[in-house]
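Here the structure is laid out as structure tokens; the discussion comes afterwards.
The sequence lines fix the lettering, A, B, ..., with proteins before strands; numbering per chain opens at 1. What you see below is based on every heavy atom in this structure, not just the backbone, and it leaves out hydrogens, waters and symmetry mates.
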Protein chains: 2
Amino acid sequence: MDNSGRLSFILLIVQAAVAAEQPKPKAPTMAAVLAAAAPGDWRSLDPENTLHLELSSGRVVIELAPAFAPRHVANVKALARERYYDGLAIVRVQDNYVVQLADPDAEKPDRARKIRRGQKTLPPEFERAFDRSAPFTRLPDGDVYAREVGFTGGFPVARDKRSGKMWLVHSYGMVGAGRDNAAESGGGTELYVVLGHAPRHLDRNVTLLGRVIQGMELLSALPRGPAPMGFYDKPEQLIPIKAVRVAADLPETERSGIEVLRTDTRTFQRLIESRRNRSEDWFHFRAGHIELSNVPIPVRSKSAGAR
Amino acid sequence: MDNSGRLSFILLIVQAAVAAEQPKPKAPTMAAVLAAAAPGDWRSLDPENTLHLELSSGRVVIELAPAFAPRHVANVKALARERYYDGLAIVRVQDNYVVQLADPDAEKPDRARKIRRGQKTLPPEFERAFDRSAPFTRLPDGDVYAREVGFTGGFPVARDKRSGKMWLVHSYGMVGAGRDNAAESGGGTELYVVLGHAPRHLDRNVTLLGRVIQGMELLSALPRGPAPMGFYDKPEQLIPIKAVRVAADLPETERSGIEVLRTDTRTFQRLIESRRNRSEDWFHFRAGHIELSNVPIPVRSKSAGAR
């Protein structure tokens, strides 16, 4: 391509961007898109990669992301299976940021929970090699932080061909492995969940390993901690963790029985379009754009699918 | 500029964008930026445009935005002054979206709270004319939804020279006037506050009229409502509004005594830079970018300033 050809190409991109700001013809609503979905547009959670975080208020269902953080996912499952988390607590809820579970006695060697089969720390899995073969539903409106963003396997993902990397991003409900200053100081003994505006400056700084699929409101509505960074400062403020279980270890009747919309489908692309240009009567101005963390990934009960 | 000149210009922009993705030299931390701030970098809230929302759990301080929504701000103040809101309730908390206060009996003509001096509805103030003279601290990294974003008078703002408009955006803590389907059906009798990832598709669809400056955690940690759209479905779930007051109507000793960092200062620009490239030891990858709703606007008590 010579310079003038390249110029035309660039101007085309600019024109497309400008055109995208104009009001669009009405897209179907998300409800209409989902009503028209085929059974195969939905998937069950893989019980071997589904975690149940049990609180006295109910169950939080987390889908793990072995494609992005294989060692951390394996370790969190090992820790769950040795009952490492049971009886630990939510120790931190920082408004518009994260909720974090940990061993409240982690800093007291004589009282800290012992690890038997899992690892305390692991090398970081902040990003992985760019994989062209992985299905990627790309968002058309760009991103402030990354070259390309979209969805892979139900997770919000950013990627960069130039650096040859792709990584999970810190959208609402994403679950990561807390760490100290050293990159290799995390491992999954402390887990945090994003509960505010996506803190994207954490991307590529922490190992994300999953996403809350159901029960997020049990975490997001917890009292914020009064100490710096939202830590609770009195033992009675701690929220006890009753148990963390791998769904595969439970009888099927005790699993959560939910399905998630596949993100590698035409239905999901239609959903994105319906959210870029909301056609409900309430909307007078249609944005014509959507940001990664504003794309919902619908969930339904399996019984809804069977009806 | 001929085509090749224009091409060079465009390539320069592209190169600048690429350069911005490289790690940057260390910026000072936000703490260091604030420690170096001059007294004049801070401003007191104007008591005539400050609202106190009193809950049994404490006070939420809201700064009103008369520069963007003059009629709605005047009406909300009139409603507060006739005690319209006192005894109403938080009727809706939708996870990752909004909390909303309203008259639970609004649909029952015989029981609905009567309005005496205020207005029930007003023409929309979704956007205003682009004002070149208004101070605007522009963010350098673009935005998914708008041509330009930044801060004006302490509020997150988008603007578009082409359409000649500027508008407040739905960042965390922004306060708006709920409405029905008609654009002119809002007015301030129902107020909502953003408590999740910025729902930017609401921009230019609702009149935003202020921002929560302090006490956001009293709203964001409320139980989510079980009914559709997060509405509470039982009277006992409602969170009573003790009072809404204009700060100017209170003796100075009962006002909140806080100061906000001015957004039209070099200090605020340095703060933005410190957040684009976090230099705390914890960070291994510096984003080099920042999104509008991720920029904090620091608050301090006046006594801190006096020390």
Side-chain angles (χ1 to χ4, degrees), chain A residues 3-4 6-7 10-11 14 18 21 93 95-96 124 126-127 139 141-147 160 162-163 171-173 179-181 183 195-205 216-217 220-224 230 275-276 278 280-294, chain B residues 3-4 6-7 10-11 14 18 21 93 95-96 124 126-127 139 141-147 160 162-163 171-173 179-181 183 195-205 216-217 220-224 230 275-276 278 280-294:
Chain A
N3 267 2
S4 67
R6 206 172 280 152
L7 175 63
I10 290 173
L11 288 181
V14 171
V18 169
E21 295 205 14
V93 186
D95 196 49
N96 192 21
F126 298 163
E127 52 192 18
L139 291 185
D141 304 309
D143 183 72
V144 170
Y145 291 89
R147 286 179 178 278
D160 182 352
R162 183 181 299 248
S163 68
S171 291
Y172 194 84
R179 66 165 174 83
D180 295 329
N181 280 359
L195 53 57
H197 189 83
R200 295 286 304 278
H201 59 289
L202 298 181
D203 290 0
R204 310 167 89 173
N205 273 302
M216 187 61 205
E217 69 283 1
S220 57
L222 291 173
R224 278 46 182 162
R275 301 301 275 195
R276 293 178 73 234
R278 300 286 291 264
E280 294 90 342
D281 288 340
W282 187 88
F283 286 89
H284 293 265
F285 179 84
R286 295 204 284 281
H289 296 71
I290 197 160
E291 200 262 334
L292 179 63
S293 301
N294 277 323
Chain B
N3 269 2
S4 67
R6 206 173 280 152
L7 174 64
I10 290 173
L11 288 182
V14 172
V18 171
E21 296 204 14
V93 186
D95 196 51
N96 191 21
F126 298 164
E127 52 192 18
L139 291 184
D141 304 308
D143 183 72
V144 170
Y145 290 91
R147 287 179 179 276
D160 181 352
R162 184 182 298 250
S163 68
S171 291
Y172 193 85
R179 65 164 173 83
D180 296 328
N181 281 358
L195 52 58
H197 189 82
R200 296 284 305 277
H201 59 289
L202 299 180
D203 290 0
R204 310 167 90 171
N205 273 302
M216 187 60 204
E217 69 283 0
S220 57
L222 291 173
R224 278 45 181 163
R275 301 301 274 193
R276 292 179 73 234
R278 300 285 292 263
E280 294 90 342
D281 288 340
W282 187 89
F283 286 89
H284 293 264
F285 179 84
R286 295 204 284 282
H289 296 72
I290 197 160
E291 200 262 333
L292 179 64
S293 300
N294 277 323

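- Heavy-atom distances place both the backbone and the side chain of B:F283 under 4.5 Å from chain A.
- When B:L139, B:N181, B:L222 are compared by the number of non-hydrogen pairs under 4.5 Å with chain A, B:N181 comes out ahead.
- Judged purely by atom type and a 3.5 angstrom limit, B:R204 has no side-chain atom pairing as donor or acceptor with the backbone of A:A287.
- Summarising the geometry of A:H284 relative to B:N205, their closest heavy-atom pair is N-OD1, 2.7 Å, with the distance given to 0.1 Å.
- Here A:N96 is the residue among A:D281, A:N96, A:L202 with the most heavy-atom pairs under 4.5 Å with chain B.
- Within the 4.5 Å cutoff, the side chain of B:N294 has heavy atoms near those of the A:H197 side chain.
- Comparing A:P199, A:S293, A:G196, A:S163 by heavy-atom pairs within less than 4.5 Å of chain B, the highest count is held by A:S293.
- Annotation: side chain of B:Y145 is in contact with side chain of A:I290 (closest heavy-atom distance under 4.5 Å).
- The greatest number of non-hydrogen atom pairs below 4.5 Å with chain A, out of B:P223, B:P124, B:S220, is found for B:S220.
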